[in-house]
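The chains referred to below are lettered A, B, ... by the order of the sequence lines, with proteins before strands, and numbering in each begins at 1. Heavy atoms only: backbone and side chains are in, while hydrogens, waters and symmetry mates are out. Bear in mind that the values here come from a model prediction, so they are computed numbers and not experimental data.
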2 protein chains.
Amino acid sequence: MQSKSDISRAKILDAAALTFRQKGYAATTLAEIADAAQMKAGSLYYYFESKEQLLEEVLDMGMHRVHEAVAESQNRLPTGTSHEIRIKAAVEAHLTMLLKHGDYTSANIRIFGQVPEDVRRRHLRLRNAYAALWRGLLIRAQKAGTLRTDVDLALIRMLLMGALNWSVEWYKPGKKSIRAMADHICLMLFHGIGHEEPVQSPEDAAVS
Amino acid sequence: MQSKSDISRAKILDAAALTFRQKGYAATTLAEIADAAQMKAGSLYYYFESKEQLLEEVLDMGMHRVHEAVAESQNRLPTGTSHEIRIKAAVEAHLTMLLKHGDYTSANIRIFGQVPEDVRRRHLRLRNAYAALWRGLLIRAQKAGTLRTDVDLALIRMLLMGALNWSVEWYKPGKKSIRAMADHICLMLFHGIGHEEPVQSPEDAAVS
DNA sequence: GTCTATATTCAGATAGAC
DNA sequence: GTCTATCTGAATATAGAC
């Protein structure tokens, strides 16, 4: 059961995430956030001590949500699921949070690089935890023989995150489904898009 | 021959690119830019009408430089060079401009998403021209049979740009050479990092 | 050309009415 | 809880000295 207070607080956070994502942190004014939340600027201080605290909460929620979504995508899969399927599920969960449900996550991705130093430092804990989730996913796949042993997994992880995260800069909903994007990314990741060698189909790989 | 005026102007632009890249556009003050250029804030107005005009010039130079570097990387290659080698050269040129010589280009990449609407609109011309360069590169490779015909090249291009551009967020010089990064990216792009099928070595592919 | 000084505008934050 | 009114500091931009 949500009190009026909880509802207003949530509306402010939603408005802040939306506006931060669109205009960046520094360029966003409290009046704009208040506008989007159908309030006046002064009223925000009933809920938040400062603009910076509002920022911190948006950042943390964005990272928390994508972390949870990806973890959940793994827990849904039966034990014994192939690593290729697991990674594809993680990719799809990350993209979905970023592009579909995710003003918080996309705000986090877009503005993190330009946030005050102390805020960034405090937020790193959550970022590192999320990175560890992916690191584990890739290492397990490599150990199981799904991934080549001669690749730098840390680099691959950063490249993959880049390919995914950059989509906030260009993705327009409706043009391409998120599922199709995830498929394409995993095709490239696992098999490459060069056509020299005949490529084993994903189905065959999954049951092998 | 550079007049004193030219030198000061260049110093201001350098300082602006550096500071915009580090802190973002809105969060950067003219006093900080002036500081980095060893001047006082008021003096900037001898050279630039406004902060926004300074921004536009930094953005344009950043895009111009990376465009030129990638075009040049292609012109250096003899006709008949394989498309795999061509694309790798383009990747390396893009990364080099972004990570090594490129406060202007990296500033462009980092802040473009959070720049005032009118500035963004005016800048799109240059962005589109650069995108066309890559589009051509990939389409020619596909037509020549170097790339699979069943992939969405527009999507691949965005994923690739994402993997490259995101490196401004994490790359620390000295840890990994840019050449090695380009190699790894092209390995993933062309052959994938799954290890089901034996992968043809890049050398073989180049002369085939 | 660059400085200092300052006008002006505006955003973050606070106080108190309702 | 939310508003209006206001304080305060800071940042863009200008003016004029040197």
Side-chain angles (χ1 to χ4, degrees), chain A residues 1-60 107 111 114-120 122-123, chain B residues 1-59 107 111 114-120 122:
Chain A
M1 163 72 199
Q2 288 211 315
S3 67
K4 175 180 176 191
S5 194
D6 289 337
I7 292 171
S8 287
R9 196 171 194 284
K11 267 178 74 170
I12 293 169
L13 282 167
D14 285 352
L18 175 70
T19 317
F20 287 158
R21 177 177 75 74
Q22 288 172 340
K23 314 201 17 170
Y25 172 65
T28 295
T29 68
L30 292 177
E32 287 170 321
I33 295 173
D35 247 28
Q38 294 160 295
M39 300 179 84
K40 297 295 177 181
S43 311
L44 304 188
Y45 287 88
Y46 180 77
Y47 298 96
F48 301 94
E49 286 181 355
S50 66
K51 186 185 177 190
E52 211 172 82
Q53 197 210 311
L54 194 44
L55 169 67
E56 292 208 36
E57 214 150 321
V58 168
L59 284 179
D60 286 356
I111 71 184
Q114 320 185 340
V115 133
E117 180 56 27
D118 52 322
V119 175
R120 179 158 49 234
R122 275 194 293 279
H123 183 66
Chain B
M1 163 71 197
Q2 287 210 316
S3 67
K4 175 179 176 190
S5 195
D6 290 337
I7 293 171
S8 286
R9 196 171 195 284
K11 268 178 74 170
I12 293 168
L13 282 166
D14 285 353
L18 175 71
T19 317
F20 287 158
R21 176 178 75 74
Q22 289 173 341
K23 314 200 19 172
Y25 172 65
T28 293
T29 68
L30 292 177
E32 288 170 321
I33 294 172
D35 247 28
Q38 294 160 294
M39 300 179 82
K40 297 295 175 181
S43 311
L44 304 188
Y45 286 88
Y46 180 77
Y47 298 96
F48 301 94
E49 285 181 356
S50 67
K51 187 185 176 188
E52 210 171 83
Q53 197 209 313
L54 193 45
L55 168 67
E56 292 209 35
E57 213 148 323
V58 168
L59 284 179
I111 71 184
Q114 321 185 339
V115 135
E117 180 55 28
D118 52 322
V119 175
R120 181 160 44 238
R122 275 194 294 279

Decide yes or no for B:Ile111 and B:Leu59: does some side-chain heavy atom of the first lie under 4.5 Å from some side-chain heavy atom of the second?
yes
A:Ile33 vs A:Phe20 side-chain heavy atoms within contact, under 4.5 Å
yes
Show the nearest heavy-atom pair for residues A:Leu55 and A:Pro116, with the distance to one decimal.
CD2-CD, 4.0 Å
Which value, rounded to the nearest 0.5 Å, describes the distance between B:Met39 atom CE and B:Tyr46 atom OH?
10.0 Å
Under 4.0 Å from a heavy atom of chain B: give me the 5'-most and 3'-most nucleotides of DNA chain D that qualify.
D:dA11 to D:dT14
For A:Tyr46 and C:dA13, give me the distance from atom OH to atom P, rounded to whole Å.
19 Å
For atom OH of A:Tyr47 and atom C1' of C:dG12, their distance in whole Å:
19 Å
Take atom CD in A:Gln2; do more than 12 heavy atoms of anything else shown fall under 6.0 Å from it?
yes
Heavy-atom neighbours of B:Gln38 CD exceed 12 at 6.0 Å:
no
Does any N or O in the side chain of A:Lys51 come within less than 3.5 Å of the main-chain N or O of A:Thr28, such that one atom is a donor and the other an acceptor?
yes
Under 4.0 Å, counting only non-hydrogen atoms across every strand here, what does B:Lys51 touch: a base, just sugar-phosphate, or nothing?
sugar-phosphate
Please list, by residue number, the residues of residues 13-37 of chain B whose heavy atoms come closer than 4.0 Å to an atom of DNA chain D; answer none if no residue qualifies.
B:Thr28, B:Thr29, B:Leu30
Derivation of the side-chain contact (heavy atoms from CB on, under 4.5 Å) call for A:Gln22 and A:Glu32
CA-CA 11 Å; A:Gln22 288 172 340; A:Glu32 287 170 321; over 6 Å; no
